[in-house]
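Down below is the structure, laid out as structure tokens.
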Amino acid sequence: MNSRVKSESKYKAKISGTGRYLPEKIVNNYDFEKKIDTTDEWIRTRTGIFERRYAADNQATSDMAFEACLNALESAHMSSKDIDMIIVGTVTPDHPFPSTACILQKKLAIKGFGAFDISAGCPGWIYASDIARQYIENGSAENVMVVGADILTKITNFDDRGTCVLFGDAAGAVIMSRAERKDISLVIDSEIVADGSYYDILVQPAGGSRMPASEETVRKNLHTIYMEGNKVFKLAVKSMETACESVMQRNGFDIKSIDWLITHQANLRIIESLGNKLKVDPHKVIINIEKYANTSAATIPVALDEAVRDGKIRRGDVVLMSSFGAGLTSGSLLIRY
Ligand code: UT7
């Protein structure tokens, strides 16, 4: 049971900059038609995806995250020296250890503060934001680089038509900063939830201590994503609905007071179904799944940055974000941008 209550904090947090990185290579549904038993029509109608971006062979998660961070620093009018914490939500780190956040810290030429990864599946960025918010609110950090970055295509089984068409690669970065009294921008609240009883319906089976890498694990494709899509689908809608309702209720918001809804971009039908359940005006729902597919922890920060730069989300708008993924995890973040 989630027993979080809203407590008064010493400081408030705000979002002071956003950035994203999408790799250049575009793979569309027709490219899959040539390789596996699928059609553009199936992919489009069942998922809403038309194309996705793939990282280059020599690109790792920190390479993409670095570009997104530079972008975020520019938008916040900050230099990397202003950052005093880095948190990266990812399930595809550069290495099992050290953390991608430490590698990113080196790339940004800064040191001397905490940098760590969060493994929380697709809501990795929401989890990271929840932690960042609390560091800022209790006065322990001033400018946290909160990154969501994944290269799922490097752990995808391209013989499994049920999963391989779903994923793309991307990185998103948001700078969460201490707000001043005069600031209109505010991180209102956030929450994170997990239900480990479903850990095995969305899993990368091999490569950890349970099943270390061996010739057999490679031959059986056990280093790639295993997902029971139907089960995940049903739980996704319910979990995000609960996470959204909970954070709105606790802060006295109703759906009419939300200007924009950004949910995890895993399936257009999930996004629409959640929108219907929350009774949100469809024009207020940010959707980019047709271009980028499911980029795991990157979906929300990428969509946020895109909507800000496109001029959709403006300073003062209330934005509700929610995600869902492996763990099973879910969470929500409510901000005034
Ligand atoms: O980011 C983490 C969270 N992930 C998600 O939220 C994903 C949630 N799940 C989903 O988005 C959907 O379940 C999928 C898109 C993965 C699958 O859609 P579905 O409507 O649940 O399809 P299904 O798995 O029930 O499969 C229906 C049929 C099957 O054929 P039969 O057994 O009915 O003959 C599949 O073999 O569709 C077939 N199928 C495909 N056909 C053409 C599965 N993948 C494909 C494909 N092309 N790529």
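Counting starts at 1 for both ligands and their atoms, in listed order.
- Close contacts between ligand 1 and I270 involve ligand atoms 6 (O), 8 (C) [criterion: under 4.0 Å to a heavy atom].
- Closest to atom 5 (C) of ligand 1 among all protein heavy atoms lies V232 CG1, 3.6 Å.
- In N230, the parts holding a heavy atom less than 4.0 Å from any atom of ligand 1 are both the side chain and the backbone.
- In this structure, a donor-acceptor pair under 3.5 Å is absent between the side chains of S239 and S330.
- Under the 4.5 Å side-chain criterion, counting only non-hydrogen atoms from C-beta, Y337 is not in contact with R314.
- Listed by number with element, the atoms of ligand 1 under 4.0 angstrom from any heavy atom of A266 are 1 (O), 5 (C), 6 (O).
- Under 4.0 angstrom from ligand 1, the non-hydrogen atoms of L166 all belong to its side chain.
- At the shortest separation from atom 38 (C) of ligand 1 among protein heavy atoms lies R161 NH2, 3.6 Å.
- Interface of C122 with ligand 1, defined as ligand atoms under 4.0 Å from a residue heavy atom, comprises 1 (O), 2 (C).
- Under the 4.0 Å criterion applied to side-chain N and carboxylate O atoms, E272 and R269 are not assigned as salt-bridge partners.
- Using a 4.0 Å cut-off between heavy atoms, N267 contacts ligand 1 through its side chain alone, with no backbone atom that close.
- Atoms of ligand 1 lying under 4.0 Å from any heavy atom of G162, numbered from 1 in the order shown and given with element: 16 (C), 44 (N).
- Using a distance-only test at 3.5 Å, with no hydrogens or angles considered, a donor-acceptor pair links the side chain of N138 to the main chain of S140.
- Under the 4.0 Å distance rule, the nearest protein heavy atom to atom 33 (O) of ligand 1 falls outside the cut-off.
- Nearest to atom 22 (O) of ligand 1 by heavy-atom distance, out of W42, F324, F167, is W42.
- Of all the atoms in ligand 1, the ones that sit under 4.0 Å from a non-hydrogen atom of N294 are 1 (O), 2 (C).
- Proximity annotation for atom 18 (O) of ligand 1: of H264, E228, R269, R269 comes nearest, heavy atoms only.
- We find that R219 and E215 are not joined by a salt bridge, their nearest charged nitrogen and carboxylate oxygen being 4.0 Å or further apart.
- For atom 43 (C) of ligand 1, a protein heavy-atom neighbour is present inside the 4.0 Å cut-off.
- A donor-acceptor pair under 3.5 Å links the side-chain atoms of R53 to the main chain of P23, judged by distance alone.
- Among protein heavy atoms, atom 47 (N) of ligand 1 sits closest to T38 OG1, 2.6 Å.
- Counting atoms of ligand 1 from 1 in the listed order, those under 4.0 Å from a heavy atom of R46 are 20 (O).
- There is no side-chain donor-acceptor pair under 3.5 Å between R161 and T38.
- Between the side chains of D82 and N143, no donor-acceptor pair of N or O atoms lies under 3.5 Å.
- Atoms of ligand 1 lying under 4.0 Å from at least one heavy atom of L202, given by number and element, are 2 (C).
- Counting heavy atoms from C-beta on, the side chains of N29 and V165 never come closer than 4.5 Å.
- Shortest contact from atom 9 (N) of ligand 1 to any protein heavy atom: G229 O, 3.0 Å.
- A donor-acceptor contact closer than 3.5 angstrom links the side chains of Q134 and D130.
- Atom 27 (C) of ligand 1 lies below 4.0 Å from none of the non-hydrogen atoms of the protein.
- Neither the backbone nor the side chain of I36 has any atom closer than 4.0 Å to an atom of ligand 1 (non-hydrogen atoms only).
- Taking every non-hydrogen atom of T47 and a distance limit under 4.0 Å, the qualifying atoms of ligand 1 come out as 15 (C).
- For the residue pair T90 and D117, no side-chain donor N or O sits within less than 3.5 Å of a side-chain acceptor on the partner.
- Between the side chains of N276 and S273, not a single donor N or O lies within less than 3.5 Å of an accepting N or O.
- Looking at D31 and K35, no side-chain N of the basic residue comes within less than 4.0 Å of a carboxylate O on the acidic one, giving no salt bridge.
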